[in-house]
Amino acid sequence: MTASARLLIVGPQGSGKGTQGVRIAESYGIPVVSTGDMFRANIKQGTPLGLQVTEILDRGDLVPDELTSEIVRDRLSQDDAANGFLLDGYPRNTTQVGHLDAFLAEHGQALDAVILLDVPREESIARLTLRATEQGRSDDTDEAIAHRLDIYEHETAPIIDLYSAKGIVDRIDGVGSLDEITERVLAALAVRGLRLAA
Ligand code: AMP
């Protein structure tokens with residue numbers, strides 16, 4: 001049996017959404033669609049897109065909406081996303097929500113659930129600073145971290161209201177062990193009738 005689930009995971013940088021996203025997507029047998037990963041892969045390979053977005057990522061700013069949405073539309077049109085996907089890092093503002101809604105509606109689809117990982121700002125900063133020393137990501141400087149968290153609070157948090165109005169947001173406590181948090185998410189999705197792949 002193939003599970004079908006169209007999911008979005010949202011949370012501030014350092015909330016663990018990347019790690020949890022991979023675990024949840026694996027449980028459902030669906031691909032993770034992470035715009036941050038796609039941009040970083042293009043930068044690493046030196047593609048024209050990568051060259052275009054390098055400085056934007058280093059500053060911690062957002063890549064223009066149209067460009068980002070086009071990349072996501074292309075990705076979601078691939079065969080492996082036909083039965084479901086887990087979006088990580090997109091949509092990141094209300095304009096992108098409009099773009100995604102329009103794309104999904106064209107295909108007779110909609111998001112099934114939005115997983116909101118709740119982590120206090122101090123905890124996010126502590127985790128990001130640790131990651132900066134461990135992984136050396138070029139956008140993990142103190143300044144870029146603070147800037148990304150500000151963008152999250154001002155531009156990304158408002159998308160939660162849009163999805164809450166549709167009744168599809170599951171707010172999950174993002175503090176705890178990796179396994180505990182995964183369990184919380186899977187339990188919330190099960191309540192929505194989203195079954196795991198057999
Ligand atoms: P992330 O890995 O999700 O933290 O994303 C890393 C960086 O990629 C962000 O700081 C932005 O510069 C860029 N980015 C990722 N997703 C988006 C998006 N949906 N819209 C615009 N920029 C994005």
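Hydrogens, waters and symmetry mates are skipped; everything else that's a heavy atom, side chains included, is used. Atoms within each ligand, like the ligands themselves, are counted from 1 in listed order.
- One N or O on the side chain of Thr133 and one on the backbone of Leu130 form a donor-acceptor pair closer than 3.5 Å.
- Hydrophobic clustering (ILVMFWY, side-chain heavy atoms < 4.5 Å, transitive): Met38 and Leu100 are in one cluster.
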Inset, instruction - Evaluate the criterion side chain to side chain contact (heavy atoms under 4.5 Å, CB included) for residue pair Arg23 and Glu26; output intermediate values, then yes/no. - result: CA-CA 5 Å; Arg23 290 172 151 234; Glu26 261 170 20; 5.6 Å; no
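- Using a 4.5 Å heavy-atom threshold, the side chains of Tyr28 and Leu194 count as touching.
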Within the protein, flag every N or O under 3.5 Å from an N or O of ligand 1, and note the pair and distance.
from: ligand 1; atom 1: 2 (O); to: Arg40; atom 2: NH1; distance (Å): 3.0
from: ligand 1; atom 1: 2 (O); to: Arg40; atom 2: NH2; distance (Å): 3.0
from: ligand 1; atom 1: 3 (O); to: Arg92; atom 2: NH1; distance (Å): 3.1
from: ligand 1; atom 1: 3 (O); to: Arg92; atom 2: NH2; distance (Å): 3.2
from: ligand 1; atom 1: 4 (O); to: Arg92; atom 2: NH2; distance (Å): 3.2
from: ligand 1; atom 1: 5 (O); to: Arg92; atom 2: NH2; distance (Å): 3.4
from: ligand 1; atom 1: 12 (O); to: Asp61; atom 2: O; distance (Å): 2.5
from: ligand 1; atom 1: 16 (N); to: Thr35; atom 2: OG1; distance (Å): 2.7
from: ligand 1; atom 1: 16 (N); to: Gly89; atom 2: O; distance (Å): 3.3
from: ligand 1; atom 1: 16 (N); to: Arg92; atom 2: NH1; distance (Å): 3.0
from: ligand 1; atom 1: 19 (N); to: Gly89; atom 2: O; distance (Å): 2.8
from: ligand 1; atom 1: 19 (N); to: Gln96; atom 2: OE1; distance (Å): 2.9
from: ligand 1; atom 1: 20 (N); to: Gln96; atom 2: NE2; distance (Å): 2.9
from: ligand 1; atom 1: 22 (N); to: Val63; atom 2: N; distance (Å): 3.0

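- Under a 3.5 Å cut-off, the side chain of Glu180 and the backbone N or O of Ser177 do form a donor-acceptor pair.
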Identify all side-chain donor-acceptor contacts of residues 156-169 below 3.5 Å with residues at least two apart in sequence or on another chain.
from: Thr156; atom 1: OG1; to: Arg92; atom 2: O; distance (Å): 2.8
from: Ser164; atom 1: OG; to: Ile160; atom 2: O; distance (Å): 2.8
from: Lys166; atom 1: NZ; to: Asp101; atom 2: OD2; distance (Å): 3.2

